[in-house]
Amino acid sequence: MPQIYIMAVITIACAAVIWGLVLYALAGRDRRVLWLLLPGLPLSALVNLLVKAPLITAVARLGGVAPGQGMGQTPAWFVVFLWFVPPVTEELIKVAPLAPLLLVPAMRDMWHAPAGALWIGLGLGLSYGLGEAAYLAWGIARAPQYAGYPWYVFTGYAGERVTVCLVHALLTAIVAAGLQRGGWRALAGYLVAVALHALVNAGPMAVAVGWVPDPNTGNVLAALMVQLPMLAAIAIMAVVFETLRRRAMRAPGAPDTAQEVVYFRR
Amino acid sequence: MNEPLAFKPRPSTGQLWLFGIGIALLVLILGPSLLAVLSAPEALPSLVIGLLVGLVLGGVFIAMGLWVPAMRYELDDQYLTLRCGPLLNYRIPIAGIQGIRRRNLALSLWSSMRFPGIAMWDVRYADEGRVYMCATSALTGILLIETEKEKYGITPADEEAFVAALKARMPA
């Protein structure tokens, strides 16, 4: 068995427990949100194999971009296209399970409150992130250059995937909050998520096109330059999410879990 | 002149979380280095670095876990003092207390020292904003002590007795 699978099981279990508990606590201990960890699991494999790969191949053929020439020689327009394919496609596919989910009365009730839409988005995004960790492990297992490594050297994979699960959760929550409010806000939520997702991917993309040296060579400055856009994107996502949540908690129909007892007030 | 009183917090599993996180950090940081040395003895320096980093990071959580049983809420005539060994010491003038209320708090994404069953220092909440915590619960049943500028969150085991003793010391 490829050793990456051992690390993948540990990583997915840790991410599911850590972020699942955070989601449960954020949602005021509403057990319904835990079911949301299931629908997104196969979506990463589906979007990669059935949407992204055929789309990139078709556009490359139409644009006359020869395969295997390396990112350094690839035309700039195609590099930009490659940069935006994951955000544009993934932010759509992550909310696709909403259509069947909203047929379930318990989920429909939750969706009607703005806060509920945020929890549903978080759950679907987290679910997608867990599935993506499994899909990437499958890809690494098929790569011959990683075949000889023991499982415990894949700590980079583990740390990145646990973090990316949170990124997917926050991005999908932003999209879901926009969809719940409808109209231009649905488009705005989607575009904000796409832009932030592109910012997350900016570091690895800059390495691929040769703008930043490969951080795997031990270049600390390069590693920092690769990580910086992702850290900035996570901070912006957290600010956007907290703003949306404060607004949602003030909206009519927001759950009041406070159960306040006043002993004294001056 | 009232007798100085000390109240204990509610029992919780917070201490176990701190020990668990400390041990997990030690294992996660030290484990790969140890496995690397077993397969390649020349990787010994990485084990030493792993041991140092693991002891520092994991040790901080384990030390915090050891001090949790020292958490106390002390009342004298003028001050309510929230203590947790040498880790935390908040002194609140009783005359400056503006409100006392119990409620569940809403988690926020901002990082701070809170886990299920333990919350200490400056913690950001989605509904109450910044609360200075010295409590054995992060979200549920928090007794908020409000002063003009700050909010403090505590979880006395005998909440009624604590509130009665505190109110008895407040100026009319």
Side-chain angles (χ1 to χ4, degrees), chain A residues 3 6-7 10-11 14 17-19 21-29 115 118-119 122 148-159 162 166-167 169-170 173 234-250 254-266, chain B residues 17 21 24 27-40 43 46 50 94-111 114-116 124-129 138-148 156 159-160 162-164 166-168 170-172:
Chain A
Q3 294 281 292
I6 299 172
M7 189 55 102
I10 296 169
T11 304
C14 285
V17 170
I18 294 167
W19 300 130
L21 282 173
V22 170
L23 171 62
Y24 180 63
L26 281 169
R29 302 187 179 189
L118 279 175
W119 316 144
L122 277 178
Y149 290 111
W151 67 271
Y152 49 81
V153 303
F154 294 105
T155 49
Y157 161 88
V162 171
L166 172 68
V167 167
L170 290 174
I234 292 175
I236 297 169
M237 277 174 225
V239 170
V240 173
F241 177 82
E242 285 295 328
T243 307
L244 289 170
R245 187 164 67 136
R246 267 200 301 276
R247 190 177 296 157
M249 297 304 272
R250 286 197 301 263
D256 181 19
T257 54
Q259 298 165 355
E260 188 166 280
V261 177
V262 178
Y263 288 111
F264 170 78
R265 185 161 281 159
R266 204 183 290 279
Chain B
W17 275 89
I21 290 164
V27 170
L28 287 173
I29 295 169
L30 204 56
S33 311
L34 195 61
L35 289 168
V37 168
L38 288 176
S39 55
S46 76
I94 292 173
I97 291 174
Q98 305 282 317
I100 308 168
R101 58 200 166 96
R102 172 163 48 82
R103 62 173 296 171
N104 296 337
L105 301 177
L107 182 68
S108 90
L109 287 180
W110 301 122
S111 172
R114 49 147 162 68
F115 298 100
R124 303 264 171 174
Y125 287 97
D127 45 3
E128 291 288 341
L139 301 173
T140 312
I142 306 295
L143 192 67
L144 287 173
I145 310 288
E146 293 177 274
T147 64
E148 195 179 345
E159 188 176 285
E160 282 187 18
F162 173 84
V163 171
L166 179 56
K167 285 170 85 172
M170 294 171 84

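Note that this is a predicted model, so its numbers are computed, not measured.
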Student: Which bit of B:E159 comes within less than 4.5 Å of chain A, counting heavy atoms only: side chain, backbone, both or neither?
Tutor: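 Interface part for B:E159: side chain.
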Student: Given that the side chain runs from C-beta out, which part of A:V153 has a heavy atom under 4.5 Å from chain B: side chain, backbone, both or neither?
Tutor: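 A:V153 has no heavy atom closer than 4.5 Å to chain B.
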Student: Rounded to the nearest 0.5 Å, what separates atom CZ in B:R102 from atom CD1 in B:I142?
Tutor: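 Reported to 0.5 Å precision, the distance equals 10.5 Å.
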Student: Sub-3.5 Å donor-acceptor pair from the side chain of A:W119 to the main-chain atoms of A:G28, do we have one?
Tutor: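 No, because the side chain of A:W119 does not come within donor-acceptor range (under 3.5 Å) of the backbone of A:G28.
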Student: Could you tell me whether a side-chain N or O of B:K167 sits under 3.5 Å from a main-chain N or O of A:Y263, the two making a donor and an acceptor?
Tutor: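 Yes; judged by distance alone, with no hydrogens or angles, the pair exists.
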Student: Heavy-atom pairs under 4.5 Å with chain B: which of A:R246, A:E242, A:R265 has the most?
Tutor: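 Counting heavy-atom pairs under 4.5 Å, the top option is A:E242.
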Student: With a 4.5 angstrom heavy-atom cut-off, which part of B:L143 approaches chain A: side chain, backbone, both or neither?
Tutor: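 The answer is the side chain of B:L143.
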Student: Quick one: pull up CE in B:M170 and CD1 in B:I94 and give me the separation to the nearest 0.5 Å.
Tutor: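 It comes to 8.0 Å.
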Student: Check the side chains of A:R245 and B:S108 for a donor-acceptor pair under 3.5 angstrom, ignoring hydrogens and angles.
Tutor: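 Not at all, the side chains of B:S108 and A:R245 share no donor-acceptor pair under 3.5 Å.
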Student: So which residue, B:G141, B:G99, B:P116, ends up with the most heavy-atom pairs under 4.5 Å with chain A?
Tutor: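 Highest number of pairs under 4.5 Å: B:G99.
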